[in-house]
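These notes are about the structure you will find just below.
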Amino acid sequence: YPDLASIKHVYELFFKDIQSRNGTVVYCYDDENVRGVVGRIPELKTRSYGMSKGADVQLRNEKIVFEDGREFDLRVGVPGQHNKLNATGVIAVLDQLGHDVHEVIPLLADFTGSKLRFEVLYDTPNYTVINDYAHHPVEIRATLQAVREAYPQRRVVSIFQPHTVSRTKTFESEFVHEITQSDCAYVLEIFTSAREQADDSYTSEEIVKRAHEK
């Protein structure tokens, strides 16, 4: 997609298709862009969740608060605020489908994550190795925040492999900002995708150079 407006247009078409099927869109109210797209479609059935006051299902510290006043303590088996927010979205969807939230909450506490998402590969008192497919600056930030939350007294060493030349170029400054939040960072060569050619004029050395300048 050439720009954000194009992405919004595709989602608007998607939401209108859901509306034509008499369906409901469950969305994160915290995201201003999503709220804008939803607001373009009159009479669209929606259910919102998030940390903002306007959300139907709100995450307030360690509690889930529904628009009808119901409250539940939230425990998630994976660290990080983003995972708590994801869990809130899951609860909003399942409640919308008629499931008993009392049965859903314990299952979330037992959920220890999925492959490539904060996946603990090795764990000892001295070293913990975590794999996460965080290929966007916002995801890197969330992962590092989760690491700090889960291991507050530990030294954090990041090994970052940029994925696609175009994405690395576009978010270069953001990538530099996020990886330098680690105590130490290693940057691998850019992993190209099938849709693009390797660009010898731009390598991950640019990230390293900017990081040293920072």
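Nothing fancy with the numbering, it's 1 onward along the sequence.
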Flag yes if more than 12 heavy atoms outside [X] fall under 6.0 Å of its [atom1] atom; otherwise flag no.
{"X": "Phe191", "atom1": "CZ", "result": "no"}
{"X": "Glu213", "atom1": "CD", "result": "yes"}
{"X": "Asp17", "atom1": "CG", "result": "yes"}
{"X": "Lys214", "atom1": "NZ", "result": "yes"}
{"X": "Leu188", "atom1": "CG", "result": "yes"}

Is there side-chain contact between [X] and [Y], with heavy atoms separated by less than 4.5 Å?
{"X": "Ile130", "Y": "Tyr122", "value": "no"}
{"X": "Asp132", "Y": "Glu119", "value": "no"}
{"X": "Pro162", "Y": "Phe160", "value": "yes"}
{"X": "Leu144", "Y": "Ser182", "value": "yes"}

Using the rule that two of Ile, Leu, Val, Met, Phe, Trp, Tyr join whenever any of their side-chain heavy atoms come within less than 4.5 Å, decide whether [X] and [Y] are in one cluster.
{"X": "Leu59", "Y": "Ile105", "value": "yes"}
{"X": "Val26", "Y": "Val34", "value": "no"}
{"X": "Phe66", "Y": "Val25", "value": "no"}
{"X": "Tyr29", "Y": "Ile41", "value": "yes"}
{"X": "Val208", "Y": "Val156", "value": "yes"}

Please determine if [X] and [Y] form a salt bridge, counting it only when a charged side-chain N lies under 4.0 Å from a carboxylate O.
{"X": "Arg148", "Y": "Asp183", "result": "yes"}
{"X": "Glu205", "Y": "Arg210", "result": "no"}
{"X": "Glu12", "Y": "Lys16", "result": "yes"}
{"X": "Arg35", "Y": "Asp31", "result": "no"}

- Message: Run Asp100 and Val104 through side chain to side chain contact (heavy atoms under 4.5 Å, CB included) and show every step you take.
- Response: CA-CA 7 Å; Asp100 187 347; Val104 174; over 6 Å; no
What distance separates [X] [atom1] from [Y] [atom2], expressed to the nearest 0.5 Å?
{"X": "Lys169", "Y": "Ser201", "atom1": "NZ", "atom2": "OG", "value": "5.0 Å"}
{"X": "Asp56", "Y": "Gln96", "atom1": "CG", "atom2": "CD", "value": "9.0 Å"}
{"X": "Gln58", "Y": "Ile64", "atom1": "CD", "atom2": "CD1", "value": "10.0 Å"}
{"X": "Lys53", "Y": "Arg60", "atom1": "NZ", "atom2": "CZ", "value": "8.5 Å"}
{"X": "Ile207", "Y": "Ile190", "atom1": "CD1", "atom2": "CD1", "value": "7.0 Å"}
{"X": "Thr128", "Y": "Tyr151", "atom1": "OG1", "atom2": "OH", "value": "4.5 Å"}

Minimum heavy-atom distance between [X] and [Y], given as atom pair plus value:
{"X": "Gly50", "Y": "Ala55", "result": "N-CB, 3.6 Å"}
{"X": "Gly23", "Y": "Lys45", "result": "O-CB, 3.6 Å"}
{"X": "Glu178", "Y": "Pro137", "result": "CG-O, 3.5 Å"}
{"X": "Ser166", "Y": "Thr170", "result": "O-OG1, 2.8 Å"}
{"X": "Pro42", "Y": "Gln19", "result": "O-NE2, 2.9 Å"}

- Are Ile179 and Ser158 close enough, and set up right, to give a side chain to side chain contact (heavy atoms under 4.5 Å, CB included), and what steps lead you there? CA-CA 7 Å; Ile179 66 172; Ser158 297; 5.5 Å; no
- Item | Trace of the side chain to side chain contact (heavy atoms under 4.5 Å, CB included) decision for Thr143 with Gln145 | CA-CA 5 Å; Thr143 298; Gln145 287 175 346; over 6 Å; no
- Arg47 and Glu67: salt bridge (Lys or Arg N to Asp or Glu O under 4.0 Å), yes or no, with the steps? CA-CA 10 Å; Arg47 187 84 179 279; Glu67 65 270 46; 3.1 Å; yes
Could you check whether any side-chain N or O of [X] sits under 3.5 Å from a backbone N or O of [Y], counting only pairs where one atom can act as donor and the other as acceptor?
{"X": "Gln181", "Y": "His177", "result": "yes"}
{"X": "Asp68", "Y": "Arg70", "result": "yes"}
{"X": "Asp30", "Y": "Ser52", "result": "yes"}

- Message: Is there a side chain to side chain contact (heavy atoms under 4.5 Å, CB included) between Arg167 and His135? Walk through the geometry before answering.
- Response: CA-CA 9 Å; Arg167 182 187 290 123; His135 58 286; 3.4 Å; yes
- Item | Between Tyr186 and Gln161: side-chain donor-acceptor atoms closer than 3.5 Å | no
Relative to each other, are the rings of [X] and [Y] parallel, tilted or perpendicular (30° and 60° limits)?
{"X": "Phe72", "Y": "His102", "result": "perpendicular"}
{"X": "Tyr133", "Y": "His163", "result": "tilted"}
{"X": "Tyr11", "Y": "Phe14", "result": "perpendicular"}

- Message: Just checking His9 against Tyr1, ring centres under 6.0 Å apart?
- Response: no
- Query: Any chance the rings of Tyr27 and Tyr49 have centres within less than 6.0 Å?
  - Reply: no
Tell me which donor-acceptor pairs under 3.5 Å the side chains of residues 83-94 have, and how far apart each pair is, sequence neighbours excluded?
unit_1	atom_1	unit_2	atom_2	d
Asn83	ND2	Pro79	O	2.6
Lys84	NZ	Glu62	OE2	2.8
Asn86	ND2	His82	O	3.4
Thr88	OG1	Lys84	O	2.9

